Protein chains: 2
Amino acid sequence: MKKITIGEAARQSGVKVPTIRYYEGIGLLSAPSRSEGNQRSYEPADLNRLAFIRHARELGFEIDAIRTLLHLQDDPDQSCASADAIAKARLIEVEQRIRSLNALKAELEQMVEGCGHGRVDQCRVIEVLADHGKCAHPHH
Amino acid sequence: MKKITIGEAARQSGVKVPTIRYYEGIGLLSAPSRSEGNQRSYEPADLNRLAFIRHARELGFEIDAIRTLLHLQDDPDQSCASADAIAKARLIEVEQRIRSLNALKAELEQMVEGCGHGRVDQCRVIEVLADHGKCAHPHH
DNA sequence: CTTGCACCTCTAGTCGCTAGAGGATGTAGG
DNA sequence: CCTACATCCTCTAGCGACTAGAGGTGCAAG
């Protein structure tokens with residue numbers, strides 16, 4: 001197993017160099033060994049960890065949730081109930097966010113459609129913003 | 001026109017007291033007159049501004065965009081092309097975000113469904129996170 | 001041997017607030 | 001008039017998850 005520099009790890013994992021260092025700083029990633037010249041030198045296994053973190057971040061999991069998921073991964077005998085709970089919580093969040101964004105989308109569409117491209121005092125965008133009562137969708 | 005304390009303005013606009021002061025600090029809201037004892041005293045017109053800002057924030061507009069929209073509102077003779085452009089840009093953002101969240105939702109659902117509630121080493125949640133290749137939806 | 005890139009640490013900045021310290025003001029009741 | 005208490009004031013620091021930059025060292029190629 002050959003050692004990998006931080007730059008190479010970044011390239012292979014898709015996590016930026018400063019972000020890798022940041023993850024190490026907050027204890028999400030354990031500190032790798034160092035070269036003679038004090039440079040971080042990673043092993044292939046660390047790339048899996050980075051990929052895991054990256055994927056989880058892309059799915060919108062918070063650092064703390066990822067910390068828990070990583071602990072779970074290290075302990076394969078454990079029940080996966082916590083992992084399931086974390087994923088389910090995130091799913092509910094995502095569903096709520098989608099609903100709220102759909103409402104926003106509808107309202108923005110109305111604003112944009114109503115805009116006659118004339119002067120500001122006839123602009124529906126400004127008008128709707130100024131008067132919440134003009135929202136068709138009372139989502140907020 | 002009766003003067004309004006910051007607390008009353010907060011109650012009526014739904015924007016929290018520290019947030020109002022913050023908006024003043026960053027120049028989004030002009031500084032109101034002060035009472036004898038140096039307390040902020042708002043006029044009814046200021047409530048409209050606050051409501052405008054609040055509504056725009058709820059729609060996810062950034063502070064800088066809101067700054068521009070407020071300038072436009074102050075200048076009713078101007079063309080509303082900029083307002084339109086800002087709203088359209090926001091709409092596109094929202095649409096992209098919805099698409100990406102829908103992909104996420106699908107992936108999370110797969111993870112959660114696949115979880116047999118057994119041990120971690122058979123948990124699909126952990127497994128999928130660890131191996132991006134197992135994503136059904138190559139959204140990222 | 002020098003050039004130039006990648007690496008190191010450290011601090012500070014981003015966004016949009018929010019929390020808290022420590023003190024002044026305003027108001028209602030006694 | 002005094003006291004109690006809510007509300008106000010300013011100021012600084014903190015949140016999450018990075019990102020940017022300064023100022024310096026390591027390393028490999030030509």
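Per chain, numbering begins at 1; letters A, B, ... match sequence-line order. Note that the structure is a prediction, hence the values are computed from the model and not measured.
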Side-chain ion pair, A:Arg97 and A:Glu93, N-O less than 4.0 Å: no
Lys/Arg N to Asp/Glu carboxylate O, A:Asp74 vs A:Arg49, below 4.0 Å: yes
Expressed in angstrom and rounded to an integer, what is the separation of [X] atom [atom1] from [N] atom [atom2]?
| X | N | atom1 | atom2 | value |
| --- | --- | --- | --- | --- |
| A:Leu28 | D:dC18 | CG | P | 9 Å |
| A:Glu8 | D:dC27 | CD | C1' | 15 Å |
| A:Arg21 | C:dT9 | CZ | P | 7 Å |
| A:Ile26 | D:dT19 | CD1 | C1' | 14 Å |

So which heavy atom on B:Lys2 is nearest to which on B:Pro44, and how close? O-CD, 3.7 Å
Base versus backbone protein contacts along nucleotides 17-27 of chain C [heavy-atom cut-off under 4.0 Å; B, S, -]: BS------SS-
Side-chain donor or acceptor of A:His55 paired with backbone N/O of A:Leu50 under 3.5 Å: no
Between A:Lys3 and A:Ser33, a side-chain donor and acceptor under 3.5 Å: yes
Could you work out, with side chain to side chain contact (heavy atoms under 4.5 Å, CB included) as the rule, every residue matching A:Arg119, not counting sequence neighbours? A:Asp121, B:Asp77
So, is B:Arg40 near the phosphate of D:dC8, with a side-chain N or O under 4.0 Å from OP1 or OP2? no
Would you say B:Thr5 places a side-chain N or O within less than 4.0 Å of OP1 or OP2 belonging to D:dT7? no
Which of these nucleotides, C:dC8, D:dT10, D:dC8, is closest to any side-chain atom of A:Arg34? C:dC8
